[in-house]
Engineer: 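Okay, here's the structure, questions in a sec.
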Amino acid sequence: MPAEEMGHRALPQPADVDNRVVLAVVGGFLLFVAAAIAGLLLFLNAQVPSDFVPRVERRFPAPELQTSPQTDLARFEAEQQARLSGYAWVNRDHNQARIPIDEAMQLVAARGARAYDAVEVHPDQPPTASGGKP
């Protein structure tokens, strides 16, 4: 609306803003932020100085790879085959021995329907901790 139509009403506030005041406020704010950051850095440097020292990069050790995996695999398979096809004591005090796998499968198959029943205690075995009494 033009000024003539407004009549006796007050004119709107002029758009006159003092630039020096705005610049002073913004500059003061930036100075405050800079001073706060500098103060924090000084405080942290005094409290934990080791955090401001660059860290030394530590390298992980190189992996220890097999030099000849085919030879290692052949040796491993030979050891396993020897364990499966040989005789050895597992626990001599309790009369437990390892027998070849083929022989063990034949023994289990020969038991028939009783193949997975509990092992029977023979009289020549030592008595249990209760002295042989139930």
Side-chain angles (χ1 to χ4, degrees):
M1 282 197 282
E4 298 90 29
E5 292 179 13
M6 291 184 66
H8 66 281
R9 289 182 278 171
L11 293 174
Q13 183 175 354
D16 192 23
V17 176
D18 190 9
N19 291 337
R20 285 178 285 170
V21 174
V22 172
L23 289 176
V25 170
V26 170
F29 176 73
L30 291 176
L31 283 174
F32 173 75
V33 169
I37 290 173
L40 283 173
L41 287 175
L42 289 173
F43 174 74
L44 288 175
N45 194 22
Q47 295 298 318
V48 272
S50 62
D51 283 354
F52 289 95
V53 176
R55 295 199 174 145
V56 178
E57 182 178 327
R58 293 187 308 162
R59 297 275 181 187
F60 287 105
E64 297 178 13
L65 301 175
Q66 294 175 311
T67 55
S68 58
Q70 292 82 9
T71 307
D72 293 342
L73 178 62
R75 185 175 58 244
F76 174 73
E77 288 176 343
E79 290 171 1
Q80 292 297 314
Q81 188 61 34
R83 288 188 75 188
L84 291 174
S85 62
Y87 293 90
W89 283 105
V90 174
N91 188 342
R92 184 171 276 206
D93 296 335
H94 291 93
N95 292 329
Q96 295 176 347
R98 183 172 48 238
I99 62 174
I101 189 94
D102 294 330
E103 188 176 333
M105 290 189 328
Q106 289 174 358
L107 289 173
V108 169
R111 291 184 72 184
R114 303 175 321 135
Y116 296 104
D117 290 349
V119 178
E120 300 160 359
V121 178
H122 296 293
D124 59 342
Q125 289 185 342
T128 61
S130 63
K133 297 177 186 172

Engineer: Please list, chain by chain and in numerical order, all residues satisfying side chain to side chain contact (heavy atoms under 4.5 Å, CB included) with Val56, sequence neighbours excluded.
Structural biologist: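 Scan of Val56 (side chain to side chain contact (heavy atoms under 4.5 Å, CB included), adjacent residues dropped) gives none.
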Engineer: With Tyr116, which residues qualify under side-chain hydrogen bond (donor to acceptor under 3.5 Å, both in side chains), at least two apart?
Structural biologist: none
Engineer: Grab the two heavy atoms, one from Ser85 and one from Pro100, that are nearest each other, plus how far apart they are.
Structural biologist: O-CG, 3.6 Å
Engineer: Decide whether Ile37 and Phe29 are clustered together by the hydrophobic rule: side chain heavy atoms of Ile, Leu, Val, Met, Phe, Trp, Tyr closer than 4.5 Å, transitively.
Structural biologist: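 Linked, Ile37 and Phe29 end up in one cluster.
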Engineer: Who pairs with Arg83 by side chain to side chain contact (heavy atoms under 4.5 Å, CB included), at least two apart in sequence or on another chain?
Structural biologist: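 In terms of side chain to side chain contact (heavy atoms under 4.5 Å, CB included), with neighbours along the sequence ignored, Arg83 is linked to Arg98.
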Engineer: Which pairs would a plain distance check flag for residues 58-68, meaning a side-chain donor or acceptor within less than 3.5 Å of a matching protein atom at least two apart in sequence or in another chain?
Structural biologist:
| unit_1 | atom_1 | unit_2 | atom_2 | d |
| --- | --- | --- | --- | --- |
| Gln66 | NE2 | Asp72 | OD2 | 3.3 |

Engineer: With sequence neighbours excluded, tell me which residues meet side chain to side chain contact (heavy atoms under 4.5 Å, CB included) with Leu107.
Structural biologist: Ile99
Engineer: With the 4.5 Å side-chain cut-off for hydrophobic clustering, are Val33 and Leu41 part of the same group?
Structural biologist: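 Val33 and Leu41: one cluster.
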Engineer: For atom CZ of Arg111, decide whether the heavy atoms of other residues, nucleotides or ligands shown that lie under 6.0 angstrom number more than 12.
Structural biologist: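 It does: Arg111 CZ has more than 12 such atoms within range.
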Engineer: So, using side-chain hydrogen bond (donor to acceptor under 3.5 Å, both in side chains) as the criterion, who are the partners of Asn91 when residues are at least two apart?
Structural biologist: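 By the side-chain hydrogen bond (donor to acceptor under 3.5 Å, both in side chains) rule, Asn91 matches His94.
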